[in-house]
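Here the structure is laid out as structure tokens; the discussion comes afterwards.
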2 protein chains.
Amino acid sequence: MTARTPDSARDIPEATVARLPVYLRALTGLAEDGTTTCSSEELAATAGVNSAKLRKDLSYLGSYGTRGVGYDVEYLRYQIAREIGVTQDWPVVIVGIGNLGHALANYSGFRSRGFRVVALLDADPSRHDEVVAGLDVRSFEDLESIVAEHDVSIGVIATPAVAAHAVAERMVAAGITSILNFAPTVLSVPDGVDVRKVDLSIELQILAYHEQRKAVSPGSEDVS
Amino acid sequence: MTARTPDSARDIPEATVARLPVYLRALTGLAEDGTTTCSSEELAATAGVNSAKLRKDLSYLGSYGTRGVGYDVEYLRYQIAREIGVTQDWPVVIVGIGNLGHALANYSGFRSRGFRVVALLDADPSRHDEVVAGLDVRSFEDLESIVAEHDVSIGVIATPAVAAHAVAERMVAAGITSILNFAPTVLSVPDGVDVRKVDLSIELQILAYHEQRKAVSPGSEDVS
DNA sequence: CGCTGTGAATACTTTCACAGCT
DNA sequence: AGCTGTGAAAGTATTCACAGCG
């Protein structure tokens with residue numbers, strides 16, 4: 001009621017935000033193995049980071065551990081899920097039902113992590129017969145009504161590059177404020193709209209860069 | 001021949017390396033539009049970064065611009081491609097030919113950017129009849145011989161999470177030193193092996209985090 | 001004169017190391 | 001005694017702002 005610090009500590013660094021989902025998954029794994037308590041060391045190992053970083057990251061959320069003991073797996077899992085916002089579930093639309101769109105529609109990891117695909121849209125009428133992952137592929141023209149009906153704020157673009165920008169603009173106009181873009185294009189969107197991109201070939205190129213370096217200097221600096 | 005600084009300046013910051021492919025794509029786009037010269041400002045806008053960052057990034061590669069003029073699109077494109085290592089082409093194997101593996105195998109962006117998928121492998125024998133993207137799906141048992149035959153150093157894992165770690169170990173044993181992992185698991189690999197991961201649900205969770213924040217404080221701090 | 005290339009300043013991230021709680 | 005939570009230090013990355021070349 002006093003306007004500041006609405007209900008959780010604000011201002012979590014972006015680098016930390018990007019790791020919270022990793023911790024969440026690690027905790028889910030531990031819980032499935034029947035682990036009820038873990039130290040920062042154990043959780044860090046499971047998540048693939050070092051323990052100092054993990055503790056610093058968690059410190060931005062609050063003090064959810066017990067000194068001398070560690071963290072309660074289930075409790076911490078819930079706190080992180082709440083912080084990320086995946087205790088509620090988020091309706092999502094996917095636009096572009098080619099190979100990648102198919103894969104995304106069928107990806108069970110969305111459903112299990114707080115996301116529900118409410119519609120699959122494609123501009124190509126020849127795809128509108130298809131049923132993918134239990135949903136029928138609908139016309140892109142239906143975007144606005146679907147967004148309004150399900151109160152969608154997250155959209156996924158899996159179209160070819162040329163179509164991506166037009167799709168993004170129409171998503172924004174329809175009220176979507178977060179976009180996950182798989183098309184290899186830079187999207188420019190108004191302030192207040194978040195875009196994250198996943199570019200398969202960029203990841204390979206980064207690997208190629210390092211791979212190339214390995215070939216040049218295998219042992220680095222132990223040469224006389 | 002003097003052992004130090006083999007032929008290009010070493011030690012490009014990781015953040016810069018991750019943006020080089022973006023610049024490369026931007027330059028390819030400009031070249032296709034018939035642009036032969038561009039300023040850092042123009043290229044930065046096309047790539048979606050600011051111009052100071054772009055210039056700083058390029059400065060790690062060398063001085064490929066002309067003061068008062070800008071960059072020659074084709075020349076800079078080649079220099080970046082060479083730096084990344086995509087002037088040669090890289091043979092790649094994909095393991096796990098489910099929905100995602102299909103999408104990856106068919107992704108034209110690999111071929112056009114210096115990568116050539118030489119084999120598709122799957123542990124499930126019922127998939128071994130299939131032909132995907134012009135390649136037939138082969139047994140995972142063939143990994144070693146394929147890696148040896150094509151001198152493969154980059155592998156892509158698109159299996160379910162449970163299988164990923166075993167696949168990675170076997171890839172490493174077979175001689176692969178760079179792995180792109182789409183399975184939602186932390187892989188631990190020996191030093192000298194690079195792993196990059198793409199996790200679809202993590203990206204959505206990061207969007208959800210910000211989306212949740214928007215809902216709480218729409219206008220941020222302009223409230224009396 | 002304009003635009004690149006780059007030191008210097010700032011901002012962000014990671015790591016260290018230990019005080020302080022259980 | 002042991003492990004969390006955190007200031008302070010070290011390491012990276014980004015941005016500024018301008019000297020210097022074409």
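Proteins come first, then strands; the chains are lettered A, B, ... in the order of their sequence lines, and each starts at number 1. These numbers were taken from a predicted model, which means no experiment stands behind them.
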Just the dot-bracket of DNA chain D, please: which string comes out with Watson-Crick or G-U pairs under 3.5 Å, [ ] for crossing, | for another strand? ||||||||||||||||||||||
Check whether N50(B) reaches the backbone of A52(B) with its side chain - one donor and one acceptor, N or O, closer than 3.5 Å. yes
Taking atom types as modelled, is there a side-chain donor on Y23(A) or D57(A) under 3.5 Å from an acceptor on the other? yes
Less than 6.0 Å separating the ring centroids of Y75(A) and Y64(A)? yes
A correct 5'-to-3' footprint of nucleotides 13-22 of chain C, with B, S and - meaning base, sugar-phosphate only and no protein heavy atom under 4.0 Å, is SSB-B-BBBS
For the residue pair W90(B) and E211(A), establish whether any side-chain heavy-atom pair is separated by less than 4.5 Å. yes
D72(A) atom CG is separated from dT4(D) atom P, nearest whole Å, by 13 Å
What is the distance, rounded to the nearest whole Å, between atom CG of L58(B) and atom C1' of dT15(D)? 16 Å
Strictly by modelled atom types, are T36(B) and E74(B) linked by a side-chain donor-acceptor pair under 3.5 Å? no
Of the options V156(A), D199(A), I157(A), which is the one that meets F182(A) in a side chain to side chain contact (heavy atoms under 4.5 Å, CB included)? V156(A)
Test the R116(A)-F110(A) pair against the cation-pi criterion, namely NZ or CZ under 6.0 angstrom from the six-membered ring centroid and within 45° of the ring axis. no
Are any non-hydrogen side-chain atoms of I179(B) and V172(B) less than 4.5 angstrom apart? yes
L61(B) has an atom CG; how far is it from atom P of dT4(C), in whole Å? 15 Å
Does Y71(A) put a side-chain nitrogen or oxygen below 4.0 Å from OP1 or OP2 of dG5(D)? yes
Can you sort out which residues in residues 33-43 of chain A have a heavy atom within less than 4.0 Å of DNA chain D? Ascending by number, please. S39(A), S40(A)
Backbone N or O of S39(B) within a donor-acceptor pair of the E42(B) side chain at under 3.5 Å? yes
How about R113(A) and S201(B): does a side-chain donor come under 3.5 Å of a side-chain acceptor? yes
